[in-house]
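Report on the following structure.
Keep in mind that the numbers below use all heavy atoms, side chains included, and drop hydrogens, waters and symmetry copies.
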Amino acid sequence: MERTLAIIKPDGVKRGLIGELISRLEREGLIIVALKMIWMTKEQAKGFYKVHAGKPFYESVTDFMCSGPCVVMVLEAKRAINTYRKLMGATDYKEAAEGTLRRDYATDIEKNVVHGSDSPQSAAFEVAYFFNELEILKR
Ligand code: ATP
Ligand code: MG
């Protein structure tokens, strides 16, 4: 089993898409083993996206991520990372494949509704960034 970190970003929460997005990922066979709603500080958002420090969109995306509450989840499945990345679609919703979450719900390259870890290394960092082991269901 593999774990990945998923986030419903502030735009998804504000637009009332939590239930819809969770249904879509559950239908894909991704099991929720941890879940909470948080409102990140700017510092927490900067730490979360530190791999992007120095890029032109870093300030703006970290402002966006702390502009309202997010739902953060740990998902588990055999190939959770790739399965969820595929379900999310490309960063730019205009390039996202038909049937993906970003294609269906995103409105902007930045306000793209969902986040998912992109590698085993980033999943390990991101899961531990928001959850301790006691908060994650052992099945
Ligand atoms: P995420 O990490 O949120 O799952 P991603 O892996 O598809 O998204 P990254 O390259 O990691 O894309 O970018 C992180 C986030 O920064 C994007 O989801 C988006 O919100 C924002 N972002 C990325 N590229 C741009 C850009 N060119 N202009 C504005 N915002 C961007
Ligand atoms: Mg990313």
* Can a donor-acceptor pair be found between the side chains of Glu28 and Thr83 at a distance below 3.5 Å? -> no
* Structure fact -> When every non-hydrogen atom of Thr100 is compared with those of Arg103, the smallest separation belongs to OG1-CB, 3.1 Å
* Structure fact -> Distance col, row Tyr49:OH vs Glu126:CD, nearest 0.5 angstrom, shows 8.0 Å
* To do: Using atom types as modelled and distance alone, determine if a side-chain donor or acceptor of Asn112 lies under 3.5 Å from a backbone N or O of Arg102.
  => no
* Asked: Would a 4.5 Å heavy-atom cut-off, applied to side chains only, mark Leu35 and Val74 as touching?
  -> no
* **Heavy-atom pair of closest approach, residues Ile22 and Met73** => CG1-SD, 4.1 Å
* Asked: Looking at Tyr129 and Gln44, what are the two nearest heavy atoms and their distance?
  -> OH-O, 2.7 Å
* To do: Side-chain contact test, heavy atoms from C-beta onward, threshold under 4.5 Å: evaluate it for Phe131 versus Val72 and give yes or no.
  => yes
* To do: Could you work out the complete set of other residues in the hydrophobic cluster of Trp39, with links drawn between I, L, V, M, F, W and Y side chains under 4.5 Å apart?
  => none
* Asked: Going only through I, L, V, M, F, W and Y residues with side-chain contacts under 4.5 Å, is there a path from Val71 to Val113?
  -> yes
* Asked: Going only through I, L, V, M, F, W and Y residues with side-chain contacts under 4.5 Å, is there a path from Val51 to Leu5?
  -> no
* Ala80 to Leu75 - nearest heavy-atom pair and separation -> CB-O, 4.0 Å
* Expected output: side-chain Glu76 to main-chain Glu2 donor-acceptor under 3.5 Å -> no
* Structure fact -> Minimal heavy-atom distance between Lys14 and Ser67, with the atoms involved, is NZ-O, 3.2 Å
* To do: Could you tell me whether Lys46 sits above the aromatic face of Tyr58, with NZ or CZ closer than 6.0 angstrom to the six-membered ring centre and within 45 degrees of the axis?
  => no
* Asked: Can you check whether Leu21's main-chain N or O pairs, donor with acceptor, with Tyr105's side chain at less than 3.5 Å?
  -> no
* Asked: Are the side chains of Glu135 and Phe130 in touch, meaning some heavy atoms are under 4.5 Å apart?
  -> no
* **Contacts of Lys138 that satisfy side-chain hydrogen bond (donor to acceptor under 3.5 Å, both in side chains) - sequence neighbours left out** => Glu133
* State which residues pass salt bridge (charged side-chain N to carboxylate O under 4.0 Å, His left out) with Glu59; sequence neighbours excluded, sorted by chain then number. => Lys42
* Structure fact -> Per ring pair (Phe, Tyr, Trp, His ring centres under 6.0 Å), His115 is matched among Phe64, Tyr84, Phe48 by Phe48
* I would like to know whether Met37 and Ile18 meet side chain to side chain contact (heavy atoms under 4.5 Å, CB included); could you show each step before the answer? => CA-CA 11 Å; Met37 185 178 259; Ile18 297 172; 3.7 Å; yes
* Asked: Applying the 4.5 Å side-chain criterion to the ILVMFWY set and letting contacts propagate, would Val127 and Val33 be lumped into a single cluster?
  -> yes
* Hey, any chance Ile32 and Leu30 share a hydrophobic cluster, counting ILVMFWY side chains that come within less than 4.5 Å of each other, even indirectly? -> yes
* For the student: nearest non-hydrogen atoms of Met40 and Cys70, plus distance -> CE-SG, 4.1 Å
* Taking a hydrophobic cluster as the set of Ile, Leu, Val, Met, Phe, Trp and Tyr residues connected by side-chain heavy atoms closer than 4.5 Å, whether directly or through intermediates, do Met88 and Val13 fall within one such cluster? -> yes
